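What follows is a short report on a single structure.
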Amino acid sequence: MATCGTHSVPTPFSGRLWGCYSLGESGKLAGSPLLKNSGGPSSMNILAVLQERFRAALAPLVEDPTDLLTMIRPSGDPKFGDYQANFAMPLGKKLGKPPHDVAAEVVAKLEVDDLCDPPEVAGPGFINLRVKDSWLAEAAGRALASERLDVTPAAQPRTYILDYSSPNVAKPMHVGHIRSTVIGDSLKRTLKFLGHRVIADNHIGDWGTQFGMIIYGFKNFLDRAAYQQEAVTELGRLYRLVNRLVSHLEAKQSLPALREQIEKQRAESARQAAAAKQTPADKNIAKAARRAEGNLKELEAALKEREAGIAAIENDPELSKLAAAHPDIDKSVLAETAKLHHGDEENLRLWREFLPPCLADIQKIYDRLGVTFDETLGESFYHDRLPGVVEEMISRGIARESDGAICVFLAGQPAPLVIRKQDGAFLYGTTDLATIQYRMERWKPDAILYVVDHRQSLHFEQLFGAARAWGYDQLELQHIAFGTVLGDDGRPFKTRSGDTVGLEGLLDEAVRRALEVVRTGDEHKPSGAEIAAEQQEVIAEVVGTGALKYADLATNRTSDYTFSYDRMLAMNGNTATYMQYAYARVRSIFARGDVDVAKLRASGGAIDLAHPAERSLAIGILQFSEALAQTAADYRPNLLTAYLYEVANRYSTFFEQCPVLKAPDEKTKTSRLLLCDLTARTLKQGLELLGIEVVEKM
Ligand code: ARG
């Protein structure tokens, strides 16, 4: 599995997940979004409090301790306490003193009496910190009494624009868009929960070449009856048909160049092979020859594939007829797009006709996923701004003409950002620049986050460079890139027929399989099945969509991930199903023990942490705000899933080792029930921030 340290067996003290989310990849200070806000006795972010205390202790020794503070982390082993500060080595080097002495010096200045047992200096200079049991118990009490589990909202809220989902209308939405949708939605929820102002803006592609294709298809290939019956399906068919014919034409046009390239490579490969034969002992020459041969093979394979694609159309009587009858379809499609952009009445009318059913179709998916946006301002919205953007970029000397096109050249970039083509057409990047300008005027954000496939990295680098040159240099611009969803064969996920997979079908299948999981689970309960059939279906929808989302979120977003229904619906391991099951299991204790949770909460009972498993669970729960801060600092929901998984595992150990309903006395029982309640609330809140629901019974 791609997340680090995931196990199907509970590993309460492994601490591997802790290490995993304790330091953001960006090298930013872990938990920094909350750091300024913490320090007061009410702050729940233990790590941030410790960092503040260390900052004060380090102040007399170094000018800026920020880097050192990132070396304070939850410890991997309870032997070494709850947190460890590991900066004595670099600090010792800097000060020219033995690390152990430096650590002792820092500890002498460190004021943590209220929070920790006396710190210990271990080994070469590790500072081990153990949080006081009394502090933990008190903090747990505060979490119990707080709606938001005592997670302190940011003292200085920022304004974020989140640009996610952003599918291209009228093209079938595919599995890559679910990743953007799900990650963006989770970041939105998390940032909002942390007290920030978030504007979720769905920057849909509603103005691109696909409309030229559909308009051309509509004018030439329409099946009117089908359109009347189901507009979106017919528009999708038209898009695929025209797209196929255009690709066919392009493939045919590209053949001569490809063949020429192959001939050149063949000659090169032969030359290298001869050289290798002449000096068989030279490993480098042999390697170059093998590489040349490999390149040749690759080109030949590409040619074969292209020829097969062409043959597939040519051998299809109907398609070949269409291809022959529309020999200029590529140019015609561009012409239809240009006409639309220039305000041609008929094309605009068609565009206005196509858009609503397409949007409604996408909305169905959002409804099912429980995803909402504050704005849906598609590319078309910015159309009128584009000429002005280009003019301004030229007049301010940011863009200039090159081969008839208008380009922004940026230092360190291999290629310029083209903002107007030779033929006068504006591009994706022009719209994105206009969008930044609009967003700044309207919302004055501190940050704009683009949750988009990693294949668009170059585009965003160029865009951000151009935006900074344009004067938006105080604005945080981030490409929240994510990897590709792969099939079993390790290639981008496709259906058997080779089409990219539609989202609706994907959800249906996940829910269908979830129903099986729920049904089987219920049938095998020791006390017999207890969930009615309709209820099972409601649960299956929650479990199925949850599984799909969680599989996306639990993978470090920069990695590719392999799509597998079986894995995402597994009852064990880092899955939504496991987390939802853990939640339901905690809740079932209240049902079995006939416990009135409202009364329990109001009872004034205290949490007592005598057993190591109780303590481990409690500190795990209290690290919720740390996990959230780190998730937000690095924009990585997988840090939150890893955290929740760890809590669920700690609960598992607690549950095995500490009887709750059969606790030795009333006080212990109340304390343990309160811990159960806190666990359930933390899991539920955490899952909610991932956009995943829970069920009371499973
Ligand atoms: N519509 C684009 C696509 O599907 C993604 C747009 C992302 N957002 C942006 N502002 N460029 O590839």
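Position 1 is the first residue of the sequence, and the numbers go up from there. Both ligands and their constituent atoms are indexed starting at 1 by order of listing. Since this is a predicted model, take the numbers as computed values, not measurements.
In terms of heavy atoms, Arg396 sits closest to Ala469 at NH2-O, 4.4 Å.
The aromatic rings of Phe211 and Phe354 lie parallel to each other, with less than 30° between the two planes, well short of the 60° mark. Using the six-membered ring where Trp is involved, Phe563 and Tyr565 have ring planes that are perpendicular, over 60° apart on the 30 and 60° scheme. By the 30° and 60° cut-offs, the orientation of the rings of Trp470 relative to Tyr472 is perpendicular.
Every atom of ligand 1 is numbered from 1 in the order shown, and the set under 4.0 Å from a heavy atom of Tyr428 is 2 (C), 5 (C), 6 (C), 7 (C), 9 (C), 11 (N). Of all atoms in ligand 1, numbered sequentially from 1 with element shown, those under 4.0 Å from a heavy atom of Gln456 are 3 (C), 12 (O). Proximity to Phe460 (heavy-atom distance under 4.0 Å) selects the following atoms of ligand 1: 11 (N). Atoms of ligand 1 lying under 4.0 Å from any heavy atom of Asp432, numbered from 1 in the order shown and given with element: 9 (C), 10 (N), 11 (N). Numbered from 1 in the order shown, with element, the atoms of ligand 1 that lie under 4.0 Å from a heavy atom of Val452 read 7 (C). Within ligand 1, the atoms closer than 4.0 Å to a non-hydrogen atom of His203 are 8 (N), 9 (C), 10 (N), numbered from 1 in the order shown.
With hydrogens and angles ignored, the 3.5 Å screen pairs no side-chain donor or acceptor of Asp403 with any backbone N or O of Ala405.
Backbone and side-chain nitrogen or oxygen atoms of Ser166 are examined, and one is located within less than 3.5 angstrom of a nitrogen or oxygen of ligand 1. Polar contact with ligand 1: present for Asn168 (N/O pair, distance under 3.5 Å). Looking at ligand 1, you won't find any N or O of Tyr450 less than 3.5 Å from one of its N or O atoms.
Ring-centre distance between Phe221 and His326: below the 6.0 Å cut-off. Tyr428 has its ring centre no less than 6.0 Å from the ring centre of Phe426. Checked against the 6.0 Å centroid threshold, Tyr450 and His479 do not count as a close aromatic pair.
Protein heavy atom in closest approach to atom 4 (O) of ligand 1: His177 NE2, 3.2 Å. Among all protein heavy atoms, the one lying closest to atom 8 (N) of ligand 1 is Asp163 OD1, 3.1 Å.
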